[in-house]
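Everything on this sheet refers to the single structure shown next.
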Amino acid sequence: MIELILKFSAFVSIGTTMGILYVLLSESIPFFREVSLIDFLTDTQWTPLFTNKHFGILPLITGTLTVTLIALLVAVPLGIIIAVFLSEYASPKFRRSIKPILEILAAIPTVVYGFFALMTVTPILQTIIPGLSGFNALSAGIVMGIMIIPMVSSLSEDAMYAVPKSLREASYAMGANKFQTAFKVVIPAAFSGIIVSIILAIARAIGETMIVAIAAGQQPRFTMDPTVPIQTLTAYIVQVSLGDIQHGSLEYKTIYAAGIMLFAITFLLNSISFYLRKKYQEKYI
Amino acid sequence: MKEKKEQRTIIQSESINVYYDDKHVLKNVNLDIKEKTVTALIGPSGCGKSTYLRLINRMNDYIPEFHFSGTIVVNGKNIYDDSVEVEELRKDIGMVFQKPNPFPKSIYDNVAYGLKIQGIKNKTVLDEAVESSLKQAALWDEVKDNLKAGGLSLSGGQQQRLCIARALAVQPTILLMDEPTSALDPISSAKIEELIFELKKQYTIIIVTHNMQQATRVSDNTAFFYIGDLIEYGKTDELFMNPIHEQTKKYITGRFG
């Protein structure tokens, strides 16, 4: 009986994933009957809601990539520095108390981050960068980076902490100091774990919706310029889902096309992280 | 082990006391070690022999509960003096651990590590140091065609010799070995013992061991520790043939330990 319940629970999550995949495919296949896949992947304009319709996904992808890249530029260096500090320098007591506090960052609702980006970060940035538009990828990216810091730092720190003491001792006994030991021995030994944390952070950044919907604007543009309004895949899906688009119309189906694109990217990233974890797992981690 | 020419004392330890918080782990230990000899530290687990070994390169400094009093003079320098830079001290004292612990790097990078952290980048210097260290550690012939292979791909015995090569690459004068063969099979252990015999021509070696036969085979002098006390210290053959103390006798004849 218990076994049956467990099996059922496992099936629910697999079933849901399959169901989502089925809906995405079944709704986007009709879309690709009307719009050629070549146009979809190469056209540099995304204007399905205008009279002059173009269905090029590239502007949404560049928008997504720009925000993600900025987020990573913030989260990866800071996250790794925090991880090194917690794992190599901080006392065990400090480490135990600071980690949960850091993880609170991940517990803040993303809508709060979105408003923080729009109302606080953008005005500050505008004093530094005069031409900065009110909605822009830069502000959204920076705030998203802050949001995913705990993901990078926490998983990286776990990986670094798992590096055996004997390796550190070997390094110290050679006359290395803490800094050299951290960067030449511990980080390389924990490398697979750090990479996995970064990939998961990328997947999170790509899938993040609220911050970009609020702070990055709603203008699909084929650009990597972080100072102008853009639109990401997720923000587009929100826009259309909330709008009064007629159910079943071609415009309506575009969100499934965008959705399947998003699914493909995050699925790919998860697969890479899974593969790396299997392949590069050093035997002592 | 006949008396050779006058040997210099390289390590002098005077009235050493070590506490881990309230636990008194070394009690007023005095121990002098001569240059280019092999000294075995023996005794049952928890007797303080590893703690003593780790005093010499100050590896106990990382234990928060560690307290030390006394003086240890290595190469004429009081190593617990405030002016001593621990990193500098350790460049002169190599250490080999109980379990082989090569870095997850190539064989070459493992051996070159000590030199690289000293800022040496010259490829010729590094190449020569890697080759000569691996030769001294009797590993060169087995790995010379494969220096880019990972250190962890080697067998346990090879890994331990790699760790010895890594320690030798910075040209220390003293080599500390903390039960270096306890995780190895008998054949690998025998190789390490042969190596110790070769290495003592150039280095002062201090080896912690649980293996009585190993102590008698490789060492010139033996120190027997028991619950923090240095019970007996002398020439290995004398200590094993005619132990002065009853404790020593019991331990080396295997009645406890």
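Sequence lines set the chain letters: A, B, ... in the order given, protein chains first and strands last, and positions in each chain run from 1.
Looking at B/Arg54 and A/Glu169, a side-chain N of the basic residue comes within less than 4.0 Å of a carboxylate O on the acidic one, giving a salt bridge. Ion pairing between B/Glu87 and B/Arg90 fails under the 4.0 Å rule for side-chain N and carboxylate O.
Under the 30°/60° scheme for interplanar angles, the aromatic rings of A/Phe179 and A/Phe183 are found to be tilted.
Among B/Lys105, B/Met95, B/Glu88, the residue making the largest number of heavy-atom pairs under 4.5 Å with chain A is B/Lys105.
Side-chain polar atoms of B/Ser83 and B/Asp81 form a donor-acceptor pair below 3.5 angstrom.
Proximity to chain B (any heavy atom under 4.5 Å) is shown, for A/Ser91, by neither the backbone nor the side chain. With a threshold of 4.5 angstrom between heavy atoms, B/Lys99 does not approach chain A through any atom at all. Heavy-atom distances place no part of B/Leu176 under 4.5 Å from chain A, backbone and side chain included.
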